[in-house]
Amino acid sequence: MTRGLGDVIPAPGEVRPDAAADFTIDSGTRISAAAGTEHVAEHLAAALRPATGYDLPVGGASLDAGAVAPGVIALAVDAALGSEAYRMEISPGGIVLTGGDPAGVFYGVQTLRQLLPAEIYAGVPRRVTWTVPGGTISDRPRFSYRSGMLDVARHFFTVAEVKSYLDTLVQFKINHLHLHLTDDQGWRIEIDSWPKLTAISGGEGTGVDGAGPGFYTKADYAELVAYAADRFVTIVPEIDMPGHVNAAQVAYPELTTDGIAPEPRTDVEVGYSSLVAAKEETYAFADDILREIAALTPGPYIHIGGDEALVTTAEDYRTFIERLLPLVVKHGKRPLGWHEMASADLPPTTIVQYWRIEATDDGTARAAAAGHKVIMSPADHTYLDMKYAADTTPGLDWAGLVSVEKAYAWDPADRLPGVTEESLLGVEAPLWSETLRTLADAQTMTFPRLPAIAEIGWSPRETHNWESFRTRLAACAPRWQAQGVAFHPAPEINWPH
């Protein structure tokens with residue numbers, strides 16, 4: 001079944017359909033790749049070959065004076081389009097997909113895949129012709145930072161599971177994956193200078209209810225970083241401090257006030273642990289951790305958490321943050337943290353991530369006024385661990401119930417007074433794992449709400465339309481089924497039978 005040219009998520013900025021210009025993918029179709037797009041071409045071929053059964057050979061560029069050779073899907077780069085932007089021209093003779101950079105070509109490929117029938121995701125060869133609707137799409141992101149977050153501290157997800165999760169996110173043009181690596185219930189990243197962090201707090205019995213053991217070796221983490229980069233995704237590691245540190249203090253009692261190790265915690269309570277702002281051991285620990293994480297992470301950001309430090313006095317909190325953030329800068333990274341840290345004096349490059357449900361936040365507004373960029377993650381719209389409805393499982397409900405419509409019914413530039421479009425770096429959809437036990441649980445809580453956040457982060461504000469979105473979202477169901485991705489059958493969506 002031929003899809004409409006604009007029937008994709010996120011909604012493209014400009015769509016000009018041409019019903020007489022459909023292109024057919026058949027046994028003679030080949031893919032050409034201009035310099036810099038070769039690995040994107042291989043991604044496209046790898047996605048289409050299993051379902052079409054066609055060879056789809058990949059070769060050099062096949063553009064002559066801007067015209068595509070017959071039967072070719074041609075990938076090209078034109079920097080004038082801008083970072084991550086793309087233009088796709090579909091005609092009976094072929095497809096020309098031009099990106100402002102290789103990432104833009106990759107995002108155009110995600111659009112192209114959605115324009116094909118759901119069977120294209122199944123990997124079962126069907127030697128039939130595959131029709132792409134004709135016309136032109138011109139598209140670019142609204143925000144440069146579009147992120148998902150996966151909590152691997154409360155429940156550990158393996159390298160293979162994170163890769164699978166990431167592959168579903170990039171289909172909606174997500175370009176960052178924030179990994180919450182440490183918390184009270186577990187420490188999930190190997191640190192050579194403090195080896196007991198994983199030896200004691202990364203093994204059996206860790207995680208909520210003791211059901212989430214495991215950690216990443218440095219080689220594991222490097223593998224995830226490389227896999228993400230190949231899909232134009234930046235990994236953002238989070239080491240949560242000064243609160244959420246019980247697992248670290250179990251392993252190293254010298255990080256506590258009295259030098260006595262606390263009991264391991266596997267419950268879901270928050271706010272009871274804190275590093276000691278007055279101890280030099282605290283900053284030696286933080287410096288070592290940040291140095292090793294920075295060396296492992298080619299991306300520009302390190303997330304330092306900073307939330308829910310409820311037993312840290314306001315004075316100690318400011319002291320800690322104002323000593324910690326310069327360490328991030330010293331190791332060549334840009335500090336990112338939850339909005340509580342806006343109560344302290346922040347280095348100029350610091351990014352503030354707002355996560356609460358209140359209608360106002362003076363600290364975040366002050367940070368924006370001082371020129372700091374803001375990422376919006378209000379829990380009552382973006383937290384993927386919230387229940388869809390009162391009777392859905394898994395999930396929590398402290399921020400309220402978050403239906404698909406509620407996940408879509410907000411705008412980042414309107415969320416907080418004093419935080420305008422110009423202050424925004426982007427949006428993120430966090431998934432906390434207290435109630436998760438499997439990858440299927442993570443997928444069910446993510447889909448179908450993640451596409452709503454993705455569209456808010458990518459598409460022009462004027463394209464946001466609930467009725468249009470819910471219609472386009474319904475078409476995702478057969479694709480997810482073909483990929484084996486679990487999702488919640490939200491009743492407000494008219495899913496196909």
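Not measured: the values here are computed from a predicted model.
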Looking at side-chain heavy atoms only, is the closest gap between Met341 and Ile304 below 4.5 Å? yes
Decide if the gap between the ring center of Trp187 and the ring center of Phe156 is smaller than 6.0 angstrom. no
List the atom of Ala429, the atom of Leu450, and the distance in Å for their closest heavy-atom pair. CB-CD2, 4.0 Å
We want to know whether Trp480 and Gln171 form a side-chain donor-acceptor pair, criterion being a heavy-atom distance below 3.5 angstrom. no
Tell me yes or no: between the side chains of Asp307 and His339, is some donor less than 3.5 Å from an acceptor? no
What is the minimum heavy-atom distance between Pro448 and Val404, and which atoms define it? CG-CG2, 3.5 Å
Electrostatic pair Arg231:Asp167 at N-O distance under 4.0 angstrom: yes
Near-ring test Phe157/His155, centroid separation under 6.0 angstrom: yes
Heavy-atom side-chain contact between Tyr221 and Pro237 under 4.5 Å: yes
With ring centroids as reference points, do Phe232 and His39 lie under 6.0 angstrom apart? yes
Pair Trp458 + Tyr107: ring centers closer than 6.0 Å: yes
Taking all non-hydrogen atoms of both residues, which atom of Leu115 and which atom of Gly4 are closest, and how far apart? CD2-O, 3.6 Å
Do Thr420 and Glu422 have side-chain atoms, one donor and one acceptor, less than 3.5 Å apart? yes
Does one side chain, of Tyr216 or Glu190, offer a donor that lies under 3.5 Å from an acceptor on the other? no
Glu84 bridged to Arg146 by N-O distance under 4.0 Å: yes
Using a strict cut-off of less than 4.0 Å between a Lys/Arg side-chain nitrogen and an Asp/Glu carboxylate oxygen, indicate whether Glu405 and Arg470 qualify as a salt bridge. no
Under a plain distance cut-off of 3.5 Å, with no hydrogens placed, do Tyr408 and Asn465 share a side-chain donor-acceptor pair? no
Please report whether the ring centroid of His381 lies less than 6.0 Å from that of Trp355. no
Would you say the rings of His488 and Phe447 are close, in the sense that their centroids are separated by under 6.0 Å? no
In terms of side-chain geometry, is the basic nitrogen of Asp411 or Arg461 positioned less than 4.0 Å from the acidic oxygen of its partner? yes
Look at Lys163 together with Glu161 and state whether they make a salt bridge at an N to O cut-off of under 4.0 Å. no
Quick one: closest heavy-atom pair of Ser147 and Glu428, and the distance? OG-OE1, 2.8 Å
Below 4.0 angstrom, N of the basic side chain to O of the carboxylate: do Asp192 and Arg291 qualify? no
Pairing of Asp183 and Arg154 as salt bridge, 4.0 angstrom limit: yes
Is there a side-chain contact between Pro430 and Tyr383 in this structure, where contact means two heavy atoms from C-beta onward sitting under 4.5 Å apart? yes
Identify the two heavy atoms, one from Gly6 and one from Pro12, that lie closest to each other, and give their separation to 0.1 Å. O-CD, 4.2 Å
Given Asp78, Thr98, Asp101, Thr111, the one that forms side chain to side chain donor-acceptor pair (under 3.5 Å) with Tyr86: Thr111
